[in-house]
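Here the structure comes first, spelled out in structure tokens, and everything after it is commentary.
Every value quoted in this text rests on a predicted model; they were computed, and no experiment measured them. Quick note on labels: first sequence line is chain A, next is B, and so on, each numbered from 1.
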Protein chains: 2
Amino acid sequence: MHVTGHTRGGKRPGIRDVATAAGVSYQTVSRVINDHPSVKPATRERVLATIQTLGFRRSATALALASGRTRSVTVLTANTTHYGYAATLQGVEEAARAAGYTVAIGVLESDTVADVRAEVRRAADTGGGLIVMAYDTAGVRALAAVPDELPVVGVVETPSRPPAGHRPWVWTDDREAARTATRHLLDLGHETVHYVAIPSSTRRTGQRTAGWRDALRAAGAPEPRPLAGSWDPAGGYQAGRRLARDPSVTAILCGNDDLALGVIRALHEAGRAIPGEVSVAGFDDAPHSAFLTPSLTTVRLDFTGLGRAAFGRLHGLLEEAEPVAPRPVSVPLLIVRESSGPPPAPLPPNPPSEVPRA
Amino acid sequence: MHVTGHTRGGKRPGIRDVATAAGVSYQTVSRVINDHPSVKPATRERVLATIQTLGFRRSATALALASGRTRSVTVLTANTTHYGYAATLQGVEEAARAAGYTVAIGVLESDTVADVRAEVRRAADTGGGLIVMAYDTAGVRALAAVPDELPVVGVVETPSRPPAGHRPWVWTDDREAARTATRHLLDLGHETVHYVAIPSSTRRTGQRTAGWRDALRAAGAPEPRPLAGSWDPAGGYQAGRRLARDPSVTAILCGNDDLALGVIRALHEAGRAIPGEVSVAGFDDAPHSAFLTPSLTTVRLDFTGLGRAAFGRLHGLLEEAEPVAPRPVSVPLLIVRESSGPPPAPLPPNPPSEVPRA
DNA sequence: CTGAAAGCGCTTACAG
DNA sequence: CTGAAAGCGCTTACAG
């Protein structure tokens, strides 16, 4: 089953084939396919009909070469399998498809400056715009390595300074999200909240860590040292084993849901009940988090919306649309599930000799 | 920080700029960048040096237009967030990057014939090769809608007939994998194994379902009706609720790990112990499956290897390399974890009046 | 081993 | 409203 109808000629019909078939110059065909206003309606109809019967499709590469603008965007990312990355990519793709753009993907496999630069170069060769996922070292370096003349938008952690106008950024309000989650745990009655961090994209403290700290300070709660985690359940598991040894730990916030999964596993192995003895909250609301046992309290972030916004900004950059004021894409939403609850009742100073009745 | 060094001229240098700077014709430059043998070593050196200093990078779109071959592959897929899809995509990307190919991605959002065709057309316009993830209806339809003249490789369920030479397919041996997992459960002593299926990509029975049935028949076990599932934990949860009501169910195989997650959640809510009362096994070995509680018994499939193989076939097709005999990409590996175990001891015919001693 | 010509399939000014 | 020219940055034959 063929998609196009031009089986006879051998190669696909070009603008000139359409022209001769329609009895006009190829010039006019170009005008029709570009929606140029000055074409007589009758002529336009005739050309359109010919395009239809010949199955003409304008060559994207010829268009790119002649016009100088490629209707494509390449997404540069260190990861494609983690939920946040994949969902953001999906958002970019949706928006790009709607706008008739092609989306390419470049994976930053190594984060050395040389490798990152090579990958940026490759992406630049494609000719279109760039969207860089700058959540990690590789991404941050890639964003920095993009030449000034290239249209690029960064998907970043909440920026501390406003981004420059010609290099828009998009972000979710991770700091506020972390504050919200931490407050939730504090409000439940926990004395403090421990934090297992995702790797920071820069040398500075990550936004999620900052938000967690904000909330602790605002509540006057002690500030334990955050545990360096990773992106994976395995990293959460390591951190969880350490935290499980400390009986004073009653609440743990994790930098993402995968870390939380590992932490929960470690606590479980150590025999600590969740949420009876320890509460755990995650970040992202990955699709499986609602089905875990216990189901995971977490903060939902709108990644596909973030991806759509990233493409929107890039599109504006490429087509000289009006610039939009940068702002976080959406408000994070706290989802309370089974993994968080009040802390265990403190041991009474003088243990009663009798078991209290229910 | 700039990636290229050509800040002065304004626009990026072309083949002609290099030629004049090196004192040769642009012809020779073309030969050098194409590794043509007949260039005097000294000349080659000089040109290479000039390319370096000028920061010349050959235009991919000009190359594509002039040569007719685009060094790009677009992956057509209905999904980017499920682990199997994402990991396969990653494999394609790895191999493509190593070969200097660009990878684009097209998402099949709807599976209606019209929408699928439109998406195939868009992908075809890009000009390169196609890799179609044909695990679902949209993918199968997309593969069918690809015009004959386009180089394409399908990533499919185990094919029942050998694929045609000019349209290679790659696959993992899902049927054998399902047999292995089912046998594992049967060997544990379960009378039979229930199955929660992923949606079939065609009207016929899926390969995983077929393998499960093979194993039951070989063992002479009863064949319960498979439960229609989905790709998501939510589908597994629905199926799990139904299975939880049937006390005779002691072993459940799921079409993927996400389904298994939902099934386990439902069993847990119904108060059925895993694996004490019911054993559950999944499919795929997603990254989180090892950290669930109980950790999930599953069959590991090499998705990134599958992606690399898919690109390898396409590359062969595009560069006229020698055709390779089609075969499954790798042998599935059973990973036994906590979610599977022997069935509960049968209730003794005459319950003893005393509690047996430990 | 190296150069001059034609062309890939379009678009962008320039004419009328 | 419509046509003829030049060119986007390369490659592919064709000459020497």
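- A:T126 contributes no side-chain N or O that, together with a main-chain N or O of A:G128, makes up a donor-acceptor pair within less than 3.5 Å.
- Between atom OG1 of residue B:T77 and atom CG of residue B:D136 there is a gap of 6.5 Å, rounded to the nearest 0.5 Å.
- Put simply, the side chain of A:I15 does not reach to within 4.5 Å of the side chain of A:S59, judged on heavy atoms.
- Put simply, chain B comes within 4.0 Å of DNA chain C, heavy atom to any atom, from C:dC1 to C:dG9, going 5' to 3'.
- Heavy atoms of B:G68 sit nowhere under 4.0 angstrom from any nucleic acid atom.
- Residue B:L63 is classed as a sugar-phosphate contact, given heavy-atom separations below 4.0 Å to backbone atoms only.
- Taking B:E45 as the reference, nothing meets the salt bridge (charged side-chain N to carboxylate O under 4.0 Å, His left out) condition, with sequence neighbours excluded.
- For residues 30-41 of chain B, the pairs satisfying side chain to side chain donor-acceptor pair (under 3.5 Å) are B:S30-B:N34, B:N34-B:R58, B:H36-B:S38, with sequence neighbours left out.
- In this view, B:R46 satisfies the salt bridge (charged side-chain N to carboxylate O under 4.0 Å, His left out) rule with no residue, not counting sequence neighbours.
- Judged by distance alone, with hydrogens and angles left aside, the side-chain atoms of A:R69 form no donor-acceptor pair with the main-chain N or O of A:L318 at under 3.5 Å.
- Between A:S25 and A:R16, the one whose closest nucleotide on DNA chain D sits nearer the 5' end is A:S25.
- Looking at heavy-atom distances under 4.0 Å, B:S38 makes contact with a base.
- Counting non-hydrogen atoms under 4.0 angstrom, B:T61 reaches nothing in the nucleic acid.
- At a threshold of 4.0 angstrom between heavy atoms, the contacts of A:R69 are confined to the sugar-phosphate backbone, with no base atom among them.
- Using a cut-off of 4.0 Å between Lys/Arg side-chain N and Asp/Glu carboxylate O, A:E149 and B:R12 are scored as not salt-bridged.
- Residues B:H36 and A:I15 both approach DNA chain C. Their nearest nucleotides, taken by heavy-atom distance, put B:H36 toward the 5′ side.
- Residue B:R58 is in sugar-phosphate contact alone, with no base atom involved, counting any heavy-atom pair closer than 4.0 Å across all strands shown.
- Evaluation of the salt bridge (charged side-chain N to carboxylate O under 4.0 Å, His left out) rule for B:R122 yields B:E119 as partners, not counting sequence neighbours.
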### Query
Starting at the 5' end of DNA chain D, what dot-bracket string do you get if Watson-Crick and G-U pairs under 3.5 Å are bracketed, crossing pairs use [ ], other-strand pairs use | and unpaired bases use dots?
|||.||||||||.|||
